[in-house]
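Some notes on the structure that comes next.
Bear in mind the structure is a predicted one, so any value in this text is a computation, not a measurement. Below, chains carry the letters A, B, ... as their sequence lines are ordered, and counting in each starts from 1.
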2 protein chains.
Amino acid sequence: MAATRADVARAAGVSPALVSYVLNGGPRPVSAAARERILQAVEELKYRPNKIAQSLRGSRTHSIAMLMPDHLNPHFAELAQAVENESFANDYMLMIGTTDNDLTRELSYLHSFMDRQVDGLLLISATAHPDVTSITEAGIPVVLLDRAPPGSLFSTVVIDNRQGAFAAVQHLLGHGRKSPVCISGPPDIEAIIQREAGWSDALTASGHSAPLPWRTSLSRQGGYAAMRAILAADVQPDSLFTVSDVQAFGAIRACVEAGQAVPRDISVVAFDGTEAGLFTQPRLTSVDQAVRSIARTAIDTLLGQIRDQDTSPVHHVLRPELRLGESCGCQTQRQ
Amino acid sequence: MAATRADVARAAGVSPALVSYVLNGGPRPVSAAARERILQAVEELKYRPNKIAQSLRGSRTHSIAMLMPDHLNPHFAELAQAVENESFANDYMLMIGTTDNDLTRELSYLHSFMDRQVDGLLLISATAHPDVTSITEAGIPVVLLDRAPPGSLFSTVVIDNRQGAFAAVQHLLGHGRKSPVCISGPPDIEAIIQREAGWSDALTASGHSAPLPWRTSLSRQGGYAAMRAILAADVQPDSLFTVSDVQAFGAIRACVEAGQAVPRDISVVAFDGTEAGLFTQPRLTSVDQAVRSIARTAIDTLLGQIRDQDTSPVHHVLRPELRLGESCGCQTQRQ
DNA sequence: ACCGGCAATCAACACGAGTTGAGGAGTTCA
DNA sequence: TGAACTCCTCAACTCGTGTTGATTGCCGGT
């Protein structure tokens with residue numbers, strides 16, 4: 001249906017090779033007359049090179065893939081948007097696969113990506129299953145996000161989760177809170193462990209002893225259920241640190257339903273700094289991940305490795321900042 | 001780097017054709033002995049057919065594309081997740097392009113999708129620019145969402161936006177509210193116009209006259225800015241209908257900052273029924289779009305048209321339901 | 001007149017798969 | 001014994017592109 005290079009060549013009365021030369025700035029000069037006729041034929045036939053054929057011939061698909069947990073967590077949604085913007089700006093097509101923490105689904109997507117010959121791979125908070133690395137040993141450039149295995153062969157882009165969490169909990173304690181509990185996530189995610197550690201650091205640094213974190217899924221429902229469990233337990237916390245914004249949303253909902261006011265009775269600090277947290281009531285105090293910086297850094301290093309296949313892995317560590325709302329007890333401007 | 005069909009054939013001591021026969025159940029029988037050796041070679045070499053080559057030969061890429069406004073609106077994020085789940089279940093790769101209401105970007109993505117020979121296209125709330133249809137006249141199956149041009153050549157999946165909005169506003173009036181204002185969106189989106197109409201219908205049906213809607217972007221910032229403008233104007237509304245959940249989030253934030261309690265001073269009803277609205281304070285009363293049904297219907301019809309290229313377009317209309325929270329003034333269970 | 005060199009062009013191959021027409025080996029039937 | 005037929009196998013073509021070795025025509029130099 002669509003016109004091919006041969007059609008253009010026929011219409012212009014030249015060989016197919018010349019058409020390639022003109023469109024790609026081939027290695028040989030082309031006479032002005034031929035160039036003219038070819039460009040006109042391209043215009044008339046609305047010819048566009050078939051990317052599939054180009055990929056087969058050149059083994060470059062100009063597409064990258066990203067594996068992430070889900071779209072429902074606004075943090076990942078924001079990350080997806082930022083990464084897509086960067087890909088688009090660099091003229092790369094982005095394919096997104098969500099895993100929902102299902103190893104089978106994750107491997108299935110990875111195989112699909114390899115079969116489709118993506119030029120690069122972005123792995124976000126994926127599980128560190130050995131099969132994953134065995135698949136990607138095929139030599140395709142990979143950048144890991146939120147996960148930094150020591151001495152990784154892959155490039156990594158992480159934020160300082162431990163320091164970020166530390167600063168957040170320290171801020172809570174600065175408000176005079178004595179017993180912050182922690183709602184945490186799946187312990188197989190490196191970033192989560194680091195945030196738990198930051199929370200624990202802050203407590204011990206102030207002479208408190210850290211209780212066990214309440215681990216649940218990174219979701220509104222998870223935060224909601226965990227907070228209900230906490231409130232049903234005998235200890236009554238005066239403050240809360242969650243390792244994600246969504247968990248805070250759920251937890252605050254649970255507090256309100258139990259008649260506990262936020263931040264009066266329980267003050268809350270979270271982690272992610274999503275846009276959604278700027279419009280809740282009260283506004284969420286949260287560690288800002290600066291997703292746009294993460295996305296830009298990740299895409300830049302990935303595309304860099306695609307250009308120069310054998311560069312040694314780079315490890316970026318970004319520094320998050322605490323974004324203040326009212327959920328921690330601060331009185332921010334009410335205009 | 002990766003093994004090819006020729007490698008397998010060589011390892012098994014047969015011709016490449018036989019390998020295809022065994023793996024695809026070719027049109028010719030294969031002896032048990034040969035089949036055995038081939039399968040073993042496939043196993044040993046970890047052979048996986050190159051999808052690029054398959055696509056070039058067969059002109060089927062087993063991938064579909066979706067064009068949507070953005071990832072930041074949780075409604076679209078939920079829709080993306082639902083569509084991706086359906087695609088995955090049907091073994092199709094999904095490519096997502098976001099437009100952010102930028103016609104240039106939209107056309108750019110459409111061209112990219114065509115160049116990559118996607119098998120089908122899902123257009124969500126895209127602008128109805130003539131260039132769009134001219135591109136898609138190439139014969140590739142298309143399903144439109146939230147947009148139903150009368151007598152469209154494309155299949156459509158829409159919800160009854162007008163009826164849904166009507167029911168929502170009627171519910172507001174049932175609470176004794178007299179002057180509901182409307183925060184609306186870009187008027188070039190069919191669905192938005194319909195929701196405005198439903199709002200207007202409900203007002204006139206109750207003997208009220210409908211003022212002009214306040215049009216802004218479908219975002220938290222849009223709702224926030226619009227509500228501030230409304231509160232700054234001379235008329236003081238007692239209730240609000242927004243054409244999207246995100247706008248309600250922003251608007252409620254603006255109300256709270258202005259000292260107006262929701263739902264006491266201003267009761268709110270929105271449209272989308274996102275999960276996020278279940279965890280706000282107060283919970284959002286909203287018209288539930290049932291994204292999973294939409295996604296399933298859309299993918300089913302799209303894949304159907306991919307299988308039978310020349311089926312006539314189908315038009316699905318789903319019926320939304322009002323999901324009650326407390327933002328409208330209802331006292332729902334506080335458990 | 002002859003040859004070298006340059007500019008311009010083209011035929012042909014490769015990428016990796018699916019598919020088909022042809023043909024070899026073996027079996028059945030006359 | 002030869003013909004017809006079945007069962008299996010393979011070489012060869014196709015998809016649409018990028019690239020290269022070869023070829024043509026022309027010009028200038030000796």
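One donor-acceptor pair, N or O on each side, does fall under 3.5 Å between the base of C:dT9 and the side chain of A:Arg28. At a cut-off of 3.5 angstrom, counting only N and O atoms as typed in the model, there is a donor on one side and an acceptor on the other between the side-chain of B:Arg5 and the base of C:dG18. In the interface, the side chain of A:Tyr21 is not paired with the base of D:dT17 through any donor and acceptor atom under 3.5 Å apart.
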Open item on the list: side-chain hydrogen bond (donor to acceptor under 3.5 Å, both in side chains) for A:Thr156 and A:His315? Distances and angles first, verdict last.
Closed with: CA-CA 5 Å; A:Thr156 56; A:His315 302 286; 2.7 Å; yes
Task: Steps toward side-chain hydrogen bond (donor to acceptor under 3.5 Å, both in side chains) verdict (A:Gln289, A:His75) - done: CA-CA 9 Å; A:Gln289 292 221 43; A:His75 168 61; 3.1 Å; yes
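With DNA chain C read from its 5' end, the first of the two nearest nucleotides for B:Pro49 and B:Pro27 is the one closest to B:Pro49. Summary of the strand contacts: B:Ser15 and A:Ala53 both lie near DNA chain D, and taking for each the nucleotide with the nearest heavy atom, the more 5' one is attributed to B:Ser15.
To the nearest angstrom, P of D:dG16 lies 10 Å from OH of A:Tyr47. Taking atom CG on B:Leu23 and atom P on C:dA17, their separation rounds to 10 Å, with Å as the unit. Atom P of nucleotide C:dT19 and atom CG of B:Leu56 are separated by 14 Å, given to the nearest angstrom. Taking atom CZ on B:Arg116 and atom P on D:dG16, their separation rounds to 18 Å, with Å as the unit. One atom, CG of B:Asn50, and another, C1' of C:dG18, lie 13 Å apart when rounded to the nearest Å. Separating the CZ atom of B:Arg57 from the P atom of C:dT19 is a distance of 6 Å, rounded to the nearest angstrom. Atom CD1 in B:Ile52 sits about 11 Å away from atom P in C:dA17, given to the nearest Å. Residue B:Arg60 contributes atom CZ, which lies 17 Å from atom C1' of C:dT19 at whole-angstrom precision.
Nucleic acid contact for B:Leu18: sugar-phosphate only, since backbone atoms but no base atoms lie under 4.0 Å from a heavy atom of the residue. Here B:Thr4 lies in heavy-atom contact (under 4.0 Å) with sugar-phosphate atoms only. Residue contacts shown for B:Val19 are absent, as no nucleic acid heavy atom lies under 4.0 Å away. Looking at heavy-atom distances under 4.0 Å, B:Ser31 makes contact with sugar-phosphate atoms alone, never a base.
The side chain of A:Pro29 has C:dA7 as its nearest neighbour among C:dA7, D:dT17, D:dC10.
Annotation: cation-pi geometry satisfied between A:Arg105 and B:Phe88 (NZ/CZ under 6.0 angstrom from ring centroid, within 45° of ring axis).
Residue A:Gln54 places at least one side-chain N or O under 4.0 Å from the OP1 or OP2 atom of D:dG18. At least one side-chain nitrogen or oxygen of B:Asn24 sits closer than 4.0 Å to the OP1 or OP2 atom of C:dG18.
Residues A:Asp91 and A:His62 share a closest heavy-atom pair of O-CD2, 2.9 Å.
Considering only heavy atoms from C-beta on, B:Ile38 stays 4.5 Å or farther from B:Arg35 through its side chain.
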